[in-house]
Amino acid sequence: MARPNFLYIMTDQHRFDWLSLAGHPVVKTPNIDAIAKGGTVFRNFFVANPVCMPNRAALLTGRYTSVNSVRINGIPLSLRANTFTKRLLSDGYDTVAIGKMHQQTMAPRPLPNATQEYTRPELEAKPHYSDGDYQLETFENWTPGGANRWQLPYYGFKEVDLVTLHGDACEGHYGNWLRETAPDAEGRRRPPNQLPHDYTCPQAVRTGLTEEEYHTSYIGRAAMEYLKDPARQNAPFFAFVSFPDPHHPFNPPGRYWDMYDPDDFDVPDNFETETEIPIVTWLKEVQGTKRELHMGPNPVTRREVQEAKALTAGMITMIDDQVGEMLGALRAAGLADNTIVAFNSDHGELMGDHGLLFKGPLHYDPVIHVPMIWNDPRQTQAAETTEMASTVDIAATILAAAGVEPYHGLQGVDLAAAMQGGGTGRGAVLIEDEYHDALCYSKPPRVRTIRTDRYRMSIVIGEPGGELYDLHADPGEVTNLFDVPEFAPLRGELALQLADLMGRVVDTSPRQLTEA
């Protein structure tokens with residue numbers, strides 16, 4: 001039997017419940033939903049880390065962020081790290097990445113007292129910043145006059161068509177293409193050049209780029225060209241197609257801008273609920289609403305939530321349209337019967353829950369719970385599974401499906417059994433998180449979360465208290481049970497499970513070479 005191809009589609013900052021198959025009352029995603037026909041929808045799929053770079057590194061390496069070193073945005077994945085794409089490439093697969101990678105930082109900033117771009121290698125326990133070029137995704141590397149010193153293969157990808165950054169400020173190969181095909185585009189993109197509008201939502205930007213010029217269309221076209229290439233018949237392939245949307249800023253182009261009416265969207269039931277969670281209180285009372293480009297959680301008004309939802313829906317629908325084109329290209333090329341298609345996101349978005357927008361060191365379900373659909377046309381699959389699964393499981397699952405021997409040190413599990421109606425062996429998942437700013441804490445928070453089918457418990461290491469929610473009784477995560485006396489036994493049980501999960505996240509690579 002021929003080895004399977006893979007089409008792995010990823011979005012950025014996309015909540016699980018923002019698909020029509022997940023019951024969203026407004027947004028329609030017929031093409032993404034179509035992947036689920038004959039495939040498996042994971043109802044309990046969670047990130048290993050709720051931030052872009054760390055979770056993408058966990059996906060590629062199959063290793064938790066505390067082990068692969070990409071604990072936080074701004075730490076590039078080591079060029080020496082093993083990835084499942086390196087294994088696929090070495091075993092004869094054609095590997096391509098189209099769109100957002102974010103394995104290296106896109107906007108580097110020198111560290112305090114540092115003499116080099118990232119840090120001083122001689123002062124690092126793992127000085128891998130000196131073993132190659134770690135500025136390949138930076139803004140400066142792709143703007144006119146930049147070095148553009150691209151190197152392949154890139155973390156195991158034989159070919160890369162890169163899109164960096166977000167919104168209509170995206171760069172990479174895409175930015176070069178845009179400047180070549182539309183020389184006037186620079187005067188029609190980015191916030192200072194946006195079209196007039198009456199939205200008040202933070203980071204609502206009405207781009208002057210056309211739908212065809214926008215990066216979502218660029219990525220879709222590049223993916224279709226790849227799939228239609230006759231070379232796809234010569235070797236099995238792994239195609240990673242990664243859209244920067246629906247991550248903010250909110251700027252769907254053309255007809256997608258006003259495709260949805262903000263009045264058609266409700267604010268969450270927990271929008272104005274009082275909470276004693278220190279960081280939420282601090283964000284609302286101390287930090288206030290921010291209007292500048294800001295990646296952390298922001299307090300917002302009801303109208304701003306409705307506007308953000310309408311624009312997010314436009315971005316998702318645009319992606320869904322491109323997914324439909326890609327699936328059509330797959331069928332037209334005669335590849336559909338032997339191509340595993342997956343749809344996933346790197347993390348979620350608050351989108352008004354608890355009165356906040358964006359993301360941060362808050363492990364509310366909308367931030368850590370993401371879509372995962374897997375369709376293997378060679379096998380009969382369960383329509384859905386409620387088994388607990390994590391981003392860290394993807395590498396092991398892909399290598400097993402490809403029949404490629406895994407590398408030592410993988411920390412995920414093969415999800416094939418869950419897709420056949422069995423179990424994953426996971427009764428709970430671990431989510432790690434580190435934040436770049438102290439916020440209301442004594443130092444930048446390091447959050448650890450255990451998520452079971454029913455409960456979510458989170459602690460900030462070194463800080464008092466914690467969070468504990470019964471998600472069956474309290475899906476909006478409003479009532480914190482952490483210090484409620486009658487829930488002390490449950491807290492203790494979950495604490496032991498969390499300690500066990502954290503204890504298992506230790507590096508077992510390299511192997512021992514001699515006997516003790």
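Note that the structure is predicted; figures quoted are calculated from it, not measured.
In this structure, A396 and D414 approach most closely via the heavy-atom pair CB-N, 4.0 Å. Minimum heavy-atom separation, H166 to P244: ND1-O, 3.3 Å. The nearest pair of heavy atoms linking H247 to C52 is CD2-SG, 4.3 Å. Taking all atoms of both residues into account, the shortest heavy-atom contact from P297 to L350 is CB-CD1, 4.1 Å. Taking each heavy atom of L471 and Y455 in turn, the nearest pair found is CD1-C, 4.2 Å. Considering all non-hydrogen atoms of both residues, F243 and G220 come closest at CE2-N, 4.3 Å.
Separating the CD1 atom in I340 from the CG atom in L7 is a distance of 11.0 Å, to the nearest 0.5 Å. With rounding to the nearest 0.5 Å, the separation of CD1 in I75 from OH in Y134 is 12.0 Å. The structure places CG of L77 at 5.5 Å from CD of Q103, a figure rounded to the nearest 0.5 Å.
Checking side-chain atoms of T386 against main-chain N and O of R43 turns up no donor-acceptor pair under 3.5 Å. Under a 3.5 Å cut-off, the side chain of H408 and the backbone N or O of T508 do form a donor-acceptor pair. Counting only distance, with no hydrogens or angles, the side chain of N31 and the backbone of D320 share a donor-acceptor pair below 3.5 Å. Checking side-chain atoms of K228 against main-chain N and O of A223 turns up no donor-acceptor pair under 3.5 Å. A side-chain donor-acceptor contact under 3.5 Å links D393 to the backbone of S390. Under a 3.5 Å cut-off, the side chain of N82 and the backbone N or O of T61 do not form any donor-acceptor pair. Between the side chain of N251 and the main chain of D168, a donor-acceptor pair closer than 3.5 Å is present. Formation of a donor-acceptor pair under 3.5 Å by the E434 side chain with backbone atoms of I72 is not found in this model. Side-chain N or O atoms of W142 include one that pairs as donor or acceptor with a backbone N or O of L136 at under 3.5 Å. Side-chain N or O atoms of D346 include one that pairs as donor or acceptor with a backbone N or O of Q13 at under 3.5 Å.
More than 12 heavy atoms of other residues, nucleotides or ligands shown are found within 6.0 angstrom of CZ on R454. Within 6.0 Å of atom CZ in R149, more than 12 heavy atoms from other residues, nucleotides or ligands are found, so the atom counts as buried in its surroundings. The local environment of CG in D337 is sparse, with at most 12 non-hydrogen atoms from other residues, nucleotides or ligands closer than 6.0 Å. No more than 12 heavy-atom neighbours from other residues, nucleotides or ligands sit within 6.0 angstrom of NZ on K158. Dense packing is recorded around CD of Q233, with more than 12 heavy atoms of other residues, nucleotides or ligands lying under 6.0 Å away.
Using cut-offs of 30° and 60° for the angle between ring planes, the F42 and F45 rings count as perpendicular. Using cut-offs of 30° and 60° for the angle between ring planes, the H173 and W150 rings count as perpendicular. Between F238 and F84, the ring planes are perpendicular. Angles over 60° get that label, and only those under 30° would be called parallel. Between Y93 and F6, the two ring planes are tilted [angle within 30° to 60°].
For D321 and Y256, the side-chain atoms include at least one donor-acceptor pair closer than 3.5 Å. In this model, a donor atom of one side chain and an acceptor atom of the other lie less than 3.5 Å apart for T29 and S20. Side-chain polar atoms of Q104 and Y155 form a donor-acceptor pair below 3.5 angstrom. Counted by atom type alone, Q379 and Q420 present one or more donor-acceptor pairs between their side chains at under 3.5 Å. Side-chain contact check for N49 and N55: no donor-acceptor pair (N or O, by modelled atom type) lies under 3.5 Å. R71 and S69 are not linked by any side-chain donor-acceptor pair at a separation below 3.5 angstrom, with hydrogens and angles left out of the test. Under 3.5 Å, the side chains of H436 and N73 contain no donor-acceptor pair of N or O atoms. No hydrogens or angles considered: a donor-acceptor pair under 3.5 Å links the side chains of Y214 and D245. Side-chain polar atoms of Q381 and T40 form a donor-acceptor pair below 3.5 angstrom.
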Decide yes or no on side-chain hydrogen bond (donor to acceptor under 3.5 Å, both in side chains) for R87 and T85, but give the supporting numbers first. CA-CA 5 Å; R87 288 292 299 121; T85 43; over 6 Å; no

Are E137 and L162 close enough, and set up right, to give a side chain to side chain contact (heavy atoms under 4.5 Å, CB included), and what steps lead you there? CA-CA 8 Å; E137 296 191 40; L162 186 69; 4.0 Å; yes

The test is side chain to side chain contact (heavy atoms under 4.5 Å, CB included); show your working for R232 and D94 and say whether it passes. CA-CA 8 Å; R232 301 291 77 78; D94 190 82; 3.5 Å; yes

Using side chain to side chain contact (heavy atoms under 4.5 Å, CB included), reason through H363 and H369 one step at a time and then give a plain yes or no. CA-CA 9 Å; H363 289 190; H369 190 184; over 6 Å; no

Before giving the answer on side chain to side chain contact (heavy atoms under 4.5 Å, CB included), spell out for T339 and F237 the whole-Å C-alpha distance, their side-chain angles and the decisive distance to 0.1 Å. CA-CA 9 Å; T339 299; F237 65 83; 4.1 Å; yes

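Using a 4.5 Å heavy-atom threshold, the side chains of F46 and D365 count as touching. Considering only heavy atoms from C-beta on, T317 stays 4.5 Å or farther from K28 through its side chain. Inter-residue side-chain proximity for I316 and T312 is flagged as met; some heavy-atom pair is nearer than 4.5 Å. Contact check for R179 versus E171: side-chain heavy atoms found under the 4.5 Å cut-off. F139 is not listed as a side-chain neighbour of T164, based on a closest heavy-atom distance of 4.5 Å or more. You'll find the side chain of Q135 stays beyond 4.5 Å of the side chain of N141, heavy atoms only. Between V96 and V160, every side-chain heavy-atom pair lies at or beyond the 4.5 Å cut-off. Residues P4 and R378 have side chains in contact (heavy-atom distance under 4.5 Å, counting atoms from C-beta outward).
Of the charged side-chain nitrogens involved, none lies within less than 4.0 Å of a carboxylate oxygen, so that R448 and D433 do not count as a salt-bridged pair. Looking at D12 and K100, a side-chain N of the basic residue comes within less than 4.0 Å of a carboxylate O on the acidic one, giving a salt bridge. Under a 4.0 Å N-O distance rule, the pair R221/E325 does not qualify as a salt bridge. Note on E432 versus R63: no salt bridge recorded, every NZ/NE/NH1/NH2 to OD/OE distance being 4.0 Å or above. We find that E349 and R15 are not joined by a salt bridge, their nearest charged nitrogen and carboxylate oxygen being 4.0 Å or further apart.
The six-membered or imidazole ring of Y8 lies away from that of F343, with a centre-to-centre distance of 6.0 Å or more.
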